**Student:** 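Starting off with a structure, shown below.
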2 protein chains.
Amino acid sequence: MTNRARKSMTRQDADSRVPRYLQVASVLRRRIRDGHWAVGDKIATLEELEHEFDVARVTVRQAIDLLQGEGLVKSFQGRGTFVIKAVQSNRWMQLATDWESLIAPIRDHVPQVLPSEPRPVPRLEEDDGTPAEAYVFLRSVQKRSGKPYAYARVHIAKHVYAQAPKQFSTRVALAVLSEIKEIAIQRAHQTVVVGSADIEAARHLGIALNAPTAEARCVVSDKGGVVLYIGEITYPGDYVRLNIELIAQEG
Amino acid sequence: MTNRARKSMTRQDADSRVPRYLQVASVLRRRIRDGHWAVGDKIATLEELEHEFDVARVTVRQAIDLLQGEGLVKSFQGRGTFVIKAVQSNRWMQLATDWESLIAPIRDHVPQVLPSEPRPVPRLEEDDGTPAEAYVFLRSVQKRSGKPYAYARVHIAKHVYAQAPKQFSTRVALAVLSEIKEIAIQRAHQTVVVGSADIEAARHLGIALNAPTAEARCVVSDKGGVVLYIGEITYPGDYVRLNIELIAQEG
DNA sequence: CTCAATTTGTTCGTATGTATG
DNA sequence: ACATACATACGAACAAATTGA
C-alpha cells in the first residue's frame, strides 16, 4: 500500500479492513438514499470522488460499477454518472415506545415458527424481576411481503403458555399475552441496542453476517414481579426506526 | 473460490464481500463480549469453528490471530484457545426517552465545538412544525474520558440563539434551551435509526467509514408550533442503548 | 467545424491481501 | 509452510464520447 493511502487511515485501521470500494459504494448509496443526489442528477465526477475518498480512480469505478449493477446509477462516457433510480421507499419498520402501539400493528401478524430446542433462559438483569419456575422457548421469523424483518427468540412462562398453547404457536406471542385476561401485566420494558448479525440472524433475515441490526429485548412481568415473557428480537438495521415523544404535544 | 465455500453463501453474497476472517473474528469477539465464553474459558476448537463457519482452517486461525493481537484470547499448542480478557465494560451511553432524563445527564457536558459554515436547514417533516425565520448552525463533538461518543449538527432558531450566544457555544444546546425561561417548549420529539458512518462522522468519532451508528434526530418546537431546535446526532453504534418503559411500574 | 476541456472507459504493471487444499 | 488462484488497490497513461466556446 502506498504512503498516500496509509496517510488517510486513522486508528479505525483495525476495523476498517472492509474493502475500500465497498466503503465508497455504501457512502454513495447512502447519499442517493438521503436525497443528496436525486433521480436524474449527475453525481460527482470520478476525479472528485478520487480526491474525496483518497483512493485510486479504478477503486471509485469499482464502487460505481456496483451501484450500476444494482440499477441505481448509469454512467455515460464523456457526460458523467447519473442517478436513475430512487432507493428503498418501503423503509422503516416502526419500533414502538408504548404498549398499545407495540401490540396493535402486530396483532394480526402471522409469524413463521421455527423448530427449536429448549434454551436456557437468558440472564435476567437486576431490574427485570424474578424468574418464573419454567419457561417455554419459541423461535420465529416475521415477514412482510415475503421479506423477513424480524427474528424473534421468545421465552414464555410455562404457566402462561399453558393457557393458550395453540395461540402461542400461531400468533405473535406479545399479542396473545396481552389478550389473556387471567394475567395482569404490571410492567413491560424494552431495551434496544445497535448490534450486528450473528450466523443465525444473518440466515433468518437474509442479511450479511455482521450487517448492522437493531436488537430489542422486551421483558414483561406480572403484579408479583415475576417475569412472564422475555423476547429477544433482531431487526435488520435499515428497517428500524424509533419515534420518541420527549415532551408530548397537547391537544 | 471452491464449491464448498460458495454453497454456504446465500443472497447476502453482494453485501458479504467482507473478508471471511474478519466476519469470523467479529462473531467470536461478540461471543466473548456477550459472555458466551467467559474469561478463562476454552473457546471452540479450530475444527469446530471450521465447520460452523464453513471456512478453511487457516482462515479461522487468521481470525483468532486478530483476537490474539487484541489481547482477547491466547492459544496454547495442544490445549486450545482461551479467553484472557473481558471486552468493553464502559459500554452503553444511555439514550433518553423523556425530556428530563435527556437533559439531566448532559447538563454539565462540555462539547468541543467545531468550526462550521452555515448549512441549509434539514428538511422538516410534515409532523415537525413550521420553520423559524432563520437558524444558527453549530457542530460539536462530545467526549467522555477522551473518547468521542457523539457528533452533533445542530440548528437553533436565531432568535433563541440570540438570547444566550455564549452559552450556546460552550454548553450542550439542549441544556441551554431548557433553561431559557422566555421560551415555552410545547413539544420535543426524537427519531432514532440505525445508520452507518459517513466520512464526517467516521472522522469525528474515530470509527471506520460505514461502521454502524445510531442516528438521532431531535426536534423541539414552541407553543406556536415553530421549530426552535433541530439536532442531528450520530453515536457509535456500540455505545448506544435505549431503555423504553412500555408499561410503567407503579410505586 | 474545429479545438480544448471534461469525463468516463480501458489497459498495463506491480504489490499486497485473502482463501483454499 | 507451500503452491496456487483470485481479489483488492495503486498509479499512470491513453482512448473515446460529449460538451461548449
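Proteins come first, then strands; the chains are lettered A, B, ... in the order of their sequence lines, and each starts at number 1. As the structure is a computational prediction, the values presented were derived from the model and not from experiment.
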**Student:** Determine, stepwise, if the pair A/Glu70 / A/Arg33 fulfils salt bridge (charged side-chain N to carboxylate O under 4.0 Å, His left out).
**Tutor:** CA-CA 13 Å; A/Glu70 294 166 20; A/Arg33 195 191 66 199; over 6 Å; no
**Student:** Taking atom C1' of D/dA1 as reference, at what distance in whole Å does atom CG of B/Asp65 sit?
**Tutor:**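 So the two atoms are 14 Å apart, to the nearest Å.
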**Student:** Separation of B/Arg20 atom CZ from C/dA19 atom C1', in whole Å?
**Tutor:**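 Atom-to-atom, B/Arg20 to C/dA19, this comes out as 8 Å.
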**Student:** Between A/His189 and A/Asp128, do the side chains contain a donor N or O and an acceptor N or O under 3.5 Å apart?
**Tutor:**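 A/Asp128 vs A/His189: donor-acceptor pair found between side chains.
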**Student:** Has B/Arg30 got a side-chain atom pairing as donor or acceptor with A/Ser196's backbone, closer than 3.5 angstrom?
**Tutor:**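 Such a contact is found between B/Arg30 side chain and A/Ser196 backbone.
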**Student:** I need the CG-P distance between A/Leu46 and D/dG11, as an integer number of Å.
**Tutor:**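 So the CG-P distance, A/Leu46 to D/dG11, works out to 15 Å.
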**Student:** To the side chain of B/Tyr21, which of C/dT20, C/dT8, C/dA19 is closest?
**Tutor:**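 Nearest nucleotide to the side chain: C/dA19.
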**Student:** Quick one: is B/Thr59 getting a side-chain N or O under 4.0 Å of the C/dT20 phosphate, OP1 or OP2?
**Tutor:**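 Affirmative; the distance criterion is met.
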**Student:** Can you figure out which of D/dC10, C/dT7, C/dA19 approaches the side chain of A/Lys42 most closely?
**Tutor:**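 So the nucleotide nearest the side chain must be C/dT7.
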**Student:** Assign each of A/Phe76 and A/Val60 to its nearest nucleotide of DNA chain D by heavy atoms, then name whichever residue's nucleotide is nearer the 5' end.
**Tutor:**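 The residue mapped nearer the 5' terminus is A/Val60.
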**Student:** Rounding to an integer number of Å, can you tell me how far A/Phe53 CZ sits from D/dA9 C1'?
**Tutor:**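 Checked: the CZ to C1' distance equals 16 Å.
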**Student:** Quick check for you: among C/dG21, C/dA19, D/dC10, whose closest atom lies nearest to any side-chain atom of B/Pro19?
**Tutor:**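 Nearest listed nucleotide: C/dA19.
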**Student:** Please report the distance, rounded to the nearest Å, between CD in A/Gln62 and P in C/dT8.
**Tutor:**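 The answer, rounded to whole Å, is 16 Å.
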**Student:** Under 3.5 Å for both donor-acceptor distances, Watson-Crick or wobble: does D/dA1 have a partner, and if so which one?
**Tutor:**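 No nucleotide pairs with D/dA1.
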**Student:** B/Arg57 has an atom CZ; how far is it from atom P of C/dG21, in whole Å?
**Tutor:**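 In whole Å, C/dG21 P and B/Arg57 CZ are 13 Å from each other.
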**Student:** Could you tell me whether the side chain of A/Glu50 and the main chain of A/Val60 form a donor-acceptor pair under 3.5 Å?
**Tutor:**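 Checked: no pair found.
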**Student:** Choose from C/dT20, C/dT7, C/dT18 the nucleotide whose nearest atom is closest to any side-chain atom of A/Arg17.
**Tutor:**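 Nearest to the side-chain atoms of A/Arg17, counting from C-beta on, is C/dT18.
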**Student:** Can B/Tyr151 and B/Arg139 be counted as having a side-chain donor-acceptor contact under 3.5 angstrom?
**Tutor:**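 Yes.
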**Student:** Nearest whole angstrom, please: distance from the P of D/dA16 to the CD of A/Gln77.
**Tutor:**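 It works out to 9 Å between those atoms.
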**Student:** Please compare A/Gly78 and A/Val58 by the position of their nearest nucleotide in DNA chain D and report the one closer to 5'.
**Tutor:**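 Taking each residue's closest nucleotide, the earlier one in sequence belongs to A/Val58.
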**Student:** Could you give the CZ-to-C1' distance, from B/Arg61 to D/dC2, as a whole number of Å?
**Tutor:**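 So the CZ-C1' distance, B/Arg61 to D/dC2, works out to 16 Å.
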